[in-house]
Number of protein chains: 2
Amino acid sequence: MSGVSPRSIERQHARRNGEEGAGAGGARPARRGPLQLGYLSEHIGYVVRRAQLAIFKDFIKTMAPVDIRPAQYSVLIVIGENPGLTQAALGRALAIKRANLVGMLNELERRKLARRVASPSDRRSHALFLTATGRQMLARFHRLALEHEKRATRALDPAEKRVLLELLVRVARSLD
Amino acid sequence: MSGVSPRSIERQHARRNGEEGAGAGGARPARRGPLQLGYLSEHIGYVVRRAQLAIFKDFIKTMAPVDIRPAQYSVLIVIGENPGLTQAALGRALAIKRANLVGMLNELERRKLARRVASPSDRRSHALFLTATGRQMLARFHRLALEHEKRATRALDPAEKRVLLELLVRVARSLD
DNA sequence: TATTGTTATACTCTATAACTATA
DNA sequence: TATAGTTATAGAGTATAACAATA
């Protein structure tokens, strides 16, 4: 136990309460009502994670009728924005491992939303494109996703949403 | 980041390119450089997810020497803050399914960080406590976690961090 | 040698159903 | 009937290693 800090308010959590009723009958239930999260609430990881879970839950429910998962949606958008890109480039853009893209692209091809085309310039790689169906469906997915987006950000005004996105991007960039 | 480029690349995506070379040889590679993410960058779910992944990656690396995962850390904090709470209450507080808590608590008991004590008032439930070791170790985990926290928020000043956490909490609350 | 796409595999996280013992 | 803890299990998501073809 090193690094004794001046006041160390944080530290006292550890002392405040502990292991009561080690052997005898000291065990008593915690007080009723919502639990204390303590300094967990100040941890950016925890807060971001809880928000992400809530948002994804709503997204998945919203997109369930069209059977599109978040990662599939992001893949379709990036292919639509960058027709002809390779699987490796797609994976780098979205931080998806090449190996894990294979199954996703198989599924998107099976559903006739995207296509792999043999690249003439580099015969190792595939050029990826949306199909005509894929473009139509993506527009539909986008409309549904905007419903979700509206719900997910209904507690924010437009300026707040912009600030939130910008701060998150700064955090992510600073860790890369 | 919303850099309005001279040629407004953003808008043209749906039309710009599609399924070329359906049969013939139209496939050409996407231009070099970072890919376009298009409106994906405006989706709160995507931005929150990327930030969460970056933050957790750093947290996990930081805590690797003490072999503590994010969920384990959160469980230890909540037990420390609410000694005697039940597994069900713990699961509700952290949105962890009761079934998935069993293994985690087995592991924390095995490592002598936490204990299950038979509850006298309700013989179905267990009261949870940190051990003396658990309290000591949690203080150590917390010091390590603060190193991570500093790194994860180094791109933000204190006011910005407060704003970020508050906006995320509002978003999560509004979806529950 | 390095890279692309692929296969196989493993590990974590999460979700559900069913069981028991209590309430 | 409902709840607490448990077991078993299944499904995502993610990670690595190895391989063939190609650069």
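Each chain gets a letter, A, B and so on, in the order its sequence line appears, and its residues count up from 1. Note: hydrogens, waters and symmetry copies are ignored here, and every other heavy atom, side chains too, is used.
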Legend entry - Distance below 4.0 Å between Arg69(B) side-chain N/O and dC13(C) OP1 or OP2: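 Checking dC13(C) against Arg69(B), a side-chain N or O does come within under 4.0 Å of OP1 or OP2.
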
For [X] and [Y], indicate whether the former's side chain and the latter's backbone hold a donor-acceptor pair under 3.5 Å.
X	Y	value
Thr153(B)	Leu156(B)	no
Glu147(A)	Leu144(A)	no
Asn82(A)	Gln36(B)	yes

Legend entry - Those residues of residues 93-105 of chain B lying under 4.0 Å from DNA chain C by at least one heavy atom: Lys97(B), Ala99(B), Asn100(B)

Legend entry - Stepwise salt bridge (charged side-chain N to carboxylate O under 4.0 Å, His left out) test for Arg115(A) and Glu109(A): CA-CA 6 Å; Arg115(A) 297 177 59 231; Glu109(A) 276 200 315; over 6 Å; no

Euclidean distance, atom [atom1] of residue [X] to atom [atom2] of [N] [Å, nearest integer]:
X	N	atom1	atom2	value
Leu128(A)	dT6(C)	CG	P	9 Å
Glu107(B)	dC11(C)	CD	C1'	14 Å
Ile60(B)	dC11(C)	CD1	P	16 Å
Tyr73(B)	dT12(C)	OH	P	21 Å

Inset, instruction - List the steps, then state whether side chain to side chain contact (heavy atoms under 4.5 Å, CB included) holds for Val169(B) with Arg50(A). - result: CA-CA 8 Å; Val169(B) 167; Arg50(A) 288 301 294 262; over 6 Å; no

Legend entry - 5' precedence on DNA chain C between Asn106(A) and Arg49(A) (nearest-nucleotide basis):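 On the 5' side of the pair lies Asn106(A).
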
Legend entry - Which residue lies more 5' along DNA chain C, comparing Ser125(A) with Asp122(B) via nearest heavy atoms: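 Its nucleotide being nearer the 5' end, the pick is Ser125(A).
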
Legend entry - Span of DNA chain D in contact with chain B (heavy atoms, under 4.0 Å): dA2(D) to dT14(D)

Inset, instruction - Please name the residue in the list Leu165(B), Ile77(B), Leu94(B) that meets the side chain to side chain contact (heavy atoms under 4.5 Å, CB included) test with Tyr46(A). - result: Leu94(B)

Inset, instruction - State whether a side-chain donor-acceptor pair under 3.5 Å links Ser74(A) with Arg49(B). - result: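 No, no side-chain donor-acceptor contact under 3.5 Å.
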
Legend entry - Ring center gap for Tyr73(B) and Phe59(B) short of 6.0 angstrom: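 Close enough - the centres of the two rings lie under 6.0 Å apart.
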
